[in-house]
Novice: 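Once you've had a glance at the structure underneath, I'll fire off some questions.
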Amino acid sequence: MKVKMLSRNPDHYVRETKLDLQRVPRNYDPALHPFEVPREYTRALNAVKLERVFAKPFLTSLDGHRDGVNCMAKHPKSLSTVLSGACDGEVRIWNLTKRECIRTLQAHEGFVRGICTDFCGTSFFTVGDDKTVKQWKMDGPEYGEEEEPLHTILGKTVYTGIDHHWKKDIFATCGQQVDIWDEQRTSPICSMTWGLDSISSVKFNPIETNILGSCASDRNIVLYDMRQATPLKKVILDMRTNTLCWNPMEAFIFTAANEDYNLYTFDMRSLDEPVKVHMDHVSAVLDVDYSPTGKEFVSASFDKSIRIFPIDRIHSREVYHTKRMQHVISVKWTSDNKYILCGSDEMNIRLWKANASEKLGVLTSREKAALNYNQKLKEKFKYHPQISRIARHRHLPKTIYSQIKEQRIMKEARQRKEMNRIKHSKPGSIPFVPEKKKHIVAVVK
Amino acid sequence: MKGKVPEKSLLALSQQEEVVDLLKDYPLSASEDEEDNDGERKHRKLLETIGCLDGKNRQRLAERSEASLQVSEFSVSTEGTGEKLELAELLAPVKPSSSLGTVKNQLKKVRKKKTVELPLSKEENERIHREAAYNKTSQDMDKWDPVVLKNRRAAQLVFPLEQEQVLDAPIEEVLGAWKARTPLEQEVFNLLHKNKQPLTDPLLTPVEKASLKAMSLEEAKQRRAELQKARALQSYYEAKARREKKIKSKKFQKVLKKRKAKEVLRQFEELRKVNPTAALEELEKMEKARMEERMSLKHQNSGKWAKSKAIMAKYDLEARKAMQQQLTKNRELTQKLQAPSDSEHDEDAEEDSALIPDVVNEAQMSINGPNPWMQKNRGVNTQASHIQKKPVAREESEPEEEEKAGAEDDALLQEVEERRSLRKGSEVNQGSQKQGHRTKAPRRTEEDEEVLAELRTLSKHINKKANKMRQDGEQHVSPAPAAPKEPSIQREEQSLLDERPERVQTMEDIETLGMEEVSQEQKQLRPGVKRRWQQQPQRQHNLAEQRSPPKMEQEPMIDLHTIITGKTHKANFGLSVPTIVDEEDCDKEVTQKQIIKEAFAGDDVIADFQKEKREAEKASTPKDIDLSLPGWGQWGGPGLVISARKRRRFLIKAPKAAPRKDKHLPNVVISEKRNIQAVAHQVNVLPFPFTHQNQFEETIKMPVGTTWNTPRAFQKLTAPRVVTKPGHIIEPIKEKDVEPSSSHLGPPTLQRKGQQHAHPRRRRLKKAP
């Protein structure tokens, strides 16, 4: 008779070296691991609570400016370098890793209206209230050398904004009209106008680099094509648009920061209706910048807060504020998708984490796995009331809170009135206008 | 009017072709002379009309006028008759020809044509430009649609989108920029230069180049084929060796060993012939080692270390290995190099087996031996165990003559193999017996004794069992004519088959056997099933006999009720009796109500409800939990019954349930499933993207964690949506990232390809002449 013995392959339980991890056999029989939903729910609840506990987004404030920070620019090649221009005409270059100012220069008399770097990061341009466009070297002057701009262009009118082409030696300024300049020349290659009004900002499309967008103080947004040297289309909104920003991953999408507290995301192919209206701010939105992944954007507002919106959501996922932060004039999302910079009225530049509860520094693989798991759990149980309640909770300063309340009441009243009007008039006589279309006055061809 | 007048005058020219041209080119122009003419005529007309106003003085005054005014040089005058001249009339007398027809048509068209509009204003012009430009750019943008859609839907996006490629600069460039400065570097450079190590373009030394040139393609192929053949042969020999190694026959191994020894000897002889000094040295070396060993007896297992190892050997794999190694070493060293006589060899083998403490091999038999995974590691061990396995009786019976002749080896091998196959079966059964025999081996250390005693008793036990089994097997086998030379596996199968002789007798079973290949287990199962089936009818019969009287009693009752209540089964329930009574009472007066009642007699709503309520009550009462485990703390086996005491002990009695809310409400069922504590944690509205609650529940049900998922699945399930690399700049998406399938990027790539293709062709052309 042959006796069959139990035998195991040593390869299945013997380590090759003692440095190897012990193989832990597991039995995945679901009968042995009951209550999976309640257990995961508890984990999700813990995860979401911990997320709130660790949500400490503020990293540092860079102080040094002697007036409000009016504009900022990212360095195209270096993550740690940021440029900022103040209302007193001073430009500072900051090192973010050291959290200090590495260079200061008096660029203009009066405001520095706009600042931008060229696409290779060797120089930067500033425009100011003194009707000049100045080009500066990115590296500081050598010992004994005077701090002087590489080029200075004297204009006839005030320039209010500047942006550099993403691939060529071309930049665009705006003021009375949109001018496109070659870096080597002192007169613009072409200037494009449509109506007479001061244009507050101009932005190159980062993907289709020949397309520009501008917004003027007569409440319109105008698109231009550099190749055809003509404006393309104009959309007029309820109120003035302060600035706009193109999505770096979706060529035809841009978002406009408006005075009416809202942000409008447009598809440039159909301007008669915005793709999304983002409404959470309680005061004029002054600046907007996309995350380099193109999934979210950050907006700076006059209500002393910055908010982060997912592009496909009406409401923001995050709001940042501090007691000392005043009206935020400019905001930038760093190109590694990790941090947000905001420059505000009270002369400081603040550095925030883009993801409030993110742990900084190198993570071990186990930490990463745990984070991913927690993230997944939060996503899975996000509809459960307790979890969504905790995840949603944010502290707001009293001013913003009360303003939100007030505006909600006002909005409700408006809606009620409209409903009543519809109710008490002949059916069909008052057309229903969707929220998206309400804010668009006209589209001009 | 302006347009018409010049037409007429020009038509008078009767130069049609020119007319058309002129009309086309200057539709609005008119010669100045004719305008003058026109003015005069108008003036005259005006005068006439004034004259006509006075009715009496209608008479026309003959006026003198120049003929040229009325009769033009073209002999046609529009004056006088006042009739209008038709263009068609003018043309009519002329012969109808094809060319004129076309002219007519053109003239008609000219007449229909309105005046061309003024050039557009600057603003409108710009607007059109803008619109065109906008349409063009927005069409251009459409190429991004698929990319954007893909990225939006992507389960995971990894940024930066294009992974940075490590650009390895060609070595010449790197070297070109670098110069030797320190003396050491210069020295190294000099050395390199001496070797003609190429620094620039060719990258190959002259020697390497030569070698490359030397080997042509065919040669390389040939060489590869050779190598392949060699490899195949090698693997074949390896396989053969492995096969031989696995053969457990002692005799076969002995023959094999002998052959090998002879081979070695032959080689040694050859060496002696060719290089006598070397051979001598080798011989001396071997002899010396042997002598040393004999003197020291270092590798015998009599040392302290060896003894301790012998104890450990049963439990420790490594100790066992060490012992085996030591023994093999010993054997190697003590062996004489001269061709050993057969008797000596046998003795040696016996010695070997004697030297190895039996414990070692026994342990291996019990633990390691049957483990198929460990077999490859132990060449020597198996040999040793073979020696053990060999039955004593057989050893004696083997003729010594067979072993002597070297030429007979092959024949012998075959025979051995045959025998081995025969023996296989018997070995299995006798294995235990042999173990028993072996344990009685005379040479043994004292420490082993205890262990061995244990083993002995155990082996005896096994022996008894084995004998019994064998007897049983024989009993079963005896009716069926089994071939004596068949391997044991078949016999085992047969014995399995024989366990159920009665089944095969029936025709059905034979048929099914023939029809389908039923696995052994199924075959084993079948008899049981059959038996059950056979038994069941009997039981049923018994039961039927027992139960038949009550059944008979029941049936008429049911019949009665059904007849009364309107042929429903539900009427049988006691609760519905009142309704029946009702019907019986009011049987005679057939009212509307009754008709309705009869109509709904089948749906006994009240009874249904009460049944429902009872079920709900039952479900809500907490149940006792029985934690008693059958076989725990007592002997297991079939027919296990848990004692009442144990059951009582391990029964957790459920607490008495709180009184139900609907206890005093006979017509209401209040569900008590709703847990107020849990409500706060439950989703009470179906979230947006889901269309049915089942969908949502499915997503919640599926666990994500490692507790329920394999690591790989866990990784996949928890993969984040967006992955970024810390410290890397994420640049905007580029034109490159648009898939080449889109039409916009088609032309440039095609062009590039064309260029690439063009060059080699040109070269070829150049070469050809």
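Values below: all heavy atoms of this structure, side chains included; hydrogens, waters and symmetry mates excluded. If you're wondering where the values come from, they're calculated on a predicted model, not measured in any experiment. Labels below follow one simple rule: chain letters A, B, ... track the order of the sequence lines, proteins then strands, and each chain is numbered from 1.
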Novice: Can you tell which part of B:Asn709 gets under 4.5 Å to a heavy atom of chain A, answering side chain, backbone, both or neither?
Specialist: backbone
Novice: Shorter than 4.5 Å, heavy atoms on both sides: which option in B:Phe714, B:Trp708, B:Phe696 has the most such pairs with chain A?
Specialist: B:Trp708
Novice: So do the side chains of A:Phe252 and B:Asp145 get within less than 4.5 Å of each other, counting heavy atoms only?
Specialist: yes
Novice: For the candidates A:Thr293, A:Thr230, A:Leu45, which exhibits the highest count of non-hydrogen atom pairs separated by less than 4.5 Å from chain B?
Specialist: A:Thr293
Novice: Would you find a donor on one side and an acceptor on the other, under 3.5 Å apart, between the side chain of A:Glu40 and the backbone of B:Val704?
Specialist: yes
Novice: Under 4.5 Å from any heavy atom of chain A, what part of B:Thr710 do you find: side chain, backbone, both or neither?
Specialist: both
Novice: May I ask you to name which of A:Met268, A:Lys233, A:Arg43 has the most heavy-atom pairs under 4.5 Å with chain B?
Specialist: A:Lys233
Novice: Chain B heavy atoms under 4.5 Å from A:Tyr290: which part of the residue, side chain, backbone, both or neither?
Specialist: neither
Novice: Show the numbers, then the answer: is there a side chain to side chain contact (heavy atoms under 4.5 Å, CB included) between A:Val37 and B:Glu697?
Specialist: CA-CA 10 Å; A:Val37 176; B:Glu697 275 168 12; over 6 Å; no
Novice: At a 4.5 Å cut-off on heavy atoms, which part of B:Val722 comes close to chain A: side chain, backbone, both, or neither?
Specialist: side chain
Novice: Should the heavy atoms of other residues, nucleotides or ligands under 6.0 Å from CD of B:Glu318 be counted, would the total exceed 12?
Specialist: no
Novice: Considering only heavy atoms from C-beta outward, does the side chain of B:Asn151 approach that of A:Glu250 to under 4.5 Å?
Specialist: no
Novice: When only pairs under 4.5 Å are counted, which of A:Arg227, A:Arg26, A:Lys4 shares the most heavy-atom pairs with chain B?
Specialist: A:Arg26
Novice: Between A:Lys376 and B:Ala719 (side chain of the first, backbone of the second, donor and acceptor by atom type, cut-off under 3.5 Å), is there such a pair?
Specialist: no
Novice: Is the closest side-chain heavy-atom distance between A:Arg39 and B:Thr707 below 4.5 Å?
Specialist: yes
Novice: What are the residues of residues 126-133 of chain B, in order of number, with any heavy atom under 4.5 angstrom from a heavy atom of chain A?
Specialist: B:Arg127, B:Arg130, B:Glu131, B:Ala133
Novice: Can you confirm whether more than 12 heavy atoms, excluding those of A:Trp194, are under 6.0 Å from its CH2 atom?
Specialist: yes
Novice: Under 4.5 Å heavy-atom distance to chain B, tell me which part of A:Pro30 shows up: side chain, backbone, both or neither.
Specialist: neither
Novice: Which one, B:Thr706, B:Val685, B:Ile700, B:Asn135, leads in non-hydrogen pairs under 4.5 Å with chain A?
Specialist: B:Ile700
Novice: Among the options A:Gly294, A:Pro206, A:Pro248, pick out the one with the most heavy-atom pairs lying under 4.5 Å from chain B.
Specialist: A:Pro248
Novice: Does some side-chain heavy atom of A:Lys295 sit less than 4.5 Å from a side-chain heavy atom of B:Leu157?
Specialist: yes
Novice: Locate the shortest heavy-atom distance separating B:Tyr134 from A:Ser270; write the atom from each residue and the value.
Specialist: OH-N, 3.8 Å
Novice: So B:Phe159 and A:Asn337, do their side chains get closer than 4.5 Å, heavy atoms only?
Specialist: no
Novice: Answer whether the closest heavy-atom distance between the side chains of A:Glu208 and B:Thr137 falls below 4.5 Å.
Specialist: no
Novice: Compare all side-chain heavy atoms of B:Ile729 with those of A:Lys74 and state whether any distance is below 4.5 angstrom.
Specialist: no
Novice: With chain B as the partner, which of A:His33, A:Lys382, A:Lys77 has the greatest number of non-hydrogen pairs under 4.5 Å?
Specialist: A:His33
Novice: Any chance NZ of A:Lys445 has more than 12 other-residue heavy atoms, nucleotides or ligands included, within less than 6.0 Å?
Specialist: no
Novice: Is chain A contacted by the side chain of B:Thr724, its backbone, both, or neither, given a heavy-atom distance below 4.5 Å?
Specialist: side chain
Novice: Counting heavy atoms not belonging to B:Arg721, are there more than 12 under 6.0 Å from its CZ?
Specialist: no
Novice: Is there a side-chain contact between B:Leu717 and A:Lys380 (heavy atoms, below 4.5 Å)?
Specialist: no
Novice: Under a 4.5 Å heavy-atom cutoff, which of B:Lys701, B:Arg152, B:Met702 has the most pairs with chain A?
Specialist: B:Arg152
Novice: Say you draw a straight line from CE of A:Met249 to CD1 of B:Ile730; how long is it, rounded to the nearest 0.5 Å?
Specialist: 7.0 Å
Novice: Search all heavy atoms of B:Gly705 against all heavy atoms of A:Tyr373 and return the closest pair with its distance.
Specialist: CA-OH, 3.2 Å
